[in-house]
Amino acid sequence: MSDTDKVFAGSVPKLYDEYLVPMIFAEYADDIASRVAALSPSVLLETAAGTGAVTRAVTAALPPGIRYVATDLNEPMLAIAAQRQGEDPRVSWRQADATALPFGDAEFDVVCCQFGAMFFPDRVKGYSEARRVLKPSGTFLFNVWDRIEENVFAHDATMALGKLFPDDPPRFMARTPHGYFDQTIIRADLERAGFGNVSIETRAAISRAPTAGHVAIAYCQGTPLRGEIEARDASKLQAATDAVAEAIRIRHGSGPVEAKIQALVITARRI
């Protein structure tokens, strides 16, 4: 993973929340929320909360009286999450690194994380931290994207940018968001961190957007892929966005578009 792969700054957080969240994150956030609610936690930690898609879904599914701590490495993302959440006495926001959590041992019933583990520079350390802050028999619930070929728009965007930059194709999407899908490796990482009773479920869904241009903006300008494009030629950001939009239009049509997305949902218990 490149050092820039986890940088969500400038206009990226706003575009991420406006374009990408409803397109690919919302349905999986609802899935995480239903799973968290079934565990009936009293004290819950979320890592890599981003702009709060899971936070909003989970708090809507949980009763008054719970305590929910939402964290993210990037403060600009948390600022949007807090603004979107509105006043909620159950929720506190804290900038934190998931691999070095600023909490005591055995504080939480559940730790959840949506599409964040792929960005951990040391996943075993991140999982070990989740285990450390969990109460005995607590649950770590998270998801990761499956391989890029199972996530059609991301794959389309990557292929289109490869044609625009043939000598040095931007590979952020394949390298990081879609680079941690091997179930054997995921299980081994969790076991090394001390987790047991690991369950991994493949969950497919449909990504929808009003236009092909919406998809292109989401990926090219609402993710760290933007930094990769600008590092190659800062003047070509719009050209890159247009190239991805055209590729999406050719394959999926000029009106509202939809395509398959797929993720892995992982549940692990502290033992």
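Keep in mind that this is a model prediction, so the values were computed, not measured.
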Less than 4.0 Å between a side-chain N and a carboxylate O, is that true for Arg35 and Glu201? yes
Ion pair present between Lys125 and Glu129, side-chain N to carboxylate O less than 4.0 angstrom? no
Below 4.5 Å, heavy atoms only, C-beta onward: do [X] and [Y] meet side chain to side chain?
X	Y	result
Arg232	Pro170	yes
His252	Val152	yes
Glu107	Val69	no
Lys163	Met159	no
Asp30	Ile32	no
His214	Tyr19	yes
Val265	Leu141	yes
Thr202	Asp146	yes

Cut-off 3.5 Å, side chains only: do [X] and [Y] have a donor facing an acceptor?
X	Y	value
Thr55	Gln85	no
Tyr68	Glu46	yes
Gln221	Thr241	yes
Gln262	Lys260	yes

Using a 3.5 Å distance criterion without hydrogens, assess whether the side chain of [X] forms a donor-acceptor pair with backbone atoms of [Y].
X	Y	result
Thr176	Met173	no
Arg131	Phe140	no
Glu228	Phe172	yes
Arg84	Thr51	no
Arg208	Met23	no
Asn197	Ala268	no
Arg187	Val198	yes
Asp182	Ile185	yes
Glu258	Ser207	no
Asn151	Ile261	no

ILVMFWY network linking [X] to [Y], side-chain heavy atoms under 4.5 angstrom:
X	Y	value
Phe119	Leu78	no
Val111	Leu62	no
Leu264	Val54	no
Leu15	Ile229	no
Val91	Leu101	no

Exercise: identify the closest heavy-atom pair between [X] and [Y]:
X	Y	result
Ala245	Ala216	N-CB, 3.5 Å
Ala49	Ala70	CB-CB, 4.2 Å
Leu161	Ala240	CD2-CB, 3.6 Å
Gly253	Ala212	O-CB, 4.5 Å
Ala33	Ala61	O-CB, 4.2 Å
Cys112	Val36	CB-CG2, 4.4 Å

Decide side-chain contact (heavy atoms from CB on, under 4.5 Å) for Asp109 and Leu39; before the verdict, give the C-alpha distance in whole Å, the side-chain angles of both, and the deciding distance to 0.1 Å. CA-CA 9 Å; Asp109 300 308; Leu39 296 168; over 6 Å; no
So how far is it from [X] [atom1] to [Y] [atom2], rounded to the nearest 0.5 Å?
X	Y	atom1	atom2	value
Gln183	Ile200	CD	CD1	4.5 Å
Thr59	Arg90	OG1	CZ	5.0 Å
Asp156	Ile248	CG	CD1	4.0 Å
Phe195	Glu191	CZ	CD	11.5 Å
Leu45	Leu134	CG	CG	8.0 Å

Assess the pair [X] and [Y]: is the distance between their ring centroids shorter than 6.0 Å?
X	Y	value
Phe153	Tyr219	no
Phe25	Tyr16	yes
Phe181	Trp145	no
Tyr180	Phe120	no

Output, in order, the C-alpha distance, side-chain angles, deciding distance and verdict of side-chain contact (heavy atoms from CB on, under 4.5 Å) for Ile66 and Val43. CA-CA 6 Å; Ile66 60 114; Val43 188; over 6 Å; no
More than 12 non-hydrogen atoms from neighbouring residues, nucleotides or ligands closer than 6.0 Å to [atom1] on [X], yes or no?
X	atom1	result
Lys135	NZ	yes
Arg249	CZ	yes
Gln83	CD	no

Show your working on side-chain contact (heavy atoms from CB on, under 4.5 Å) between Val215 and Val257 and close with a plain yes or no. CA-CA 9 Å; Val215 178; Val257 293; 3.9 Å; yes
Apply the test side-chain contact (heavy atoms from CB on, under 4.5 Å) to residues Trp93 and Asp72: give CA-CA distance (whole Å), side-chain angles for both, the deciding distance (0.1 Å), then the verdict. CA-CA 8 Å; Trp93 309 92; Asp72 195 90; over 6 Å; no
Classify the ring geometry of Phe103 against Phe108: parallel below 30°, tilted from 30° to 60°, perpendicular beyond 60°. perpendicular
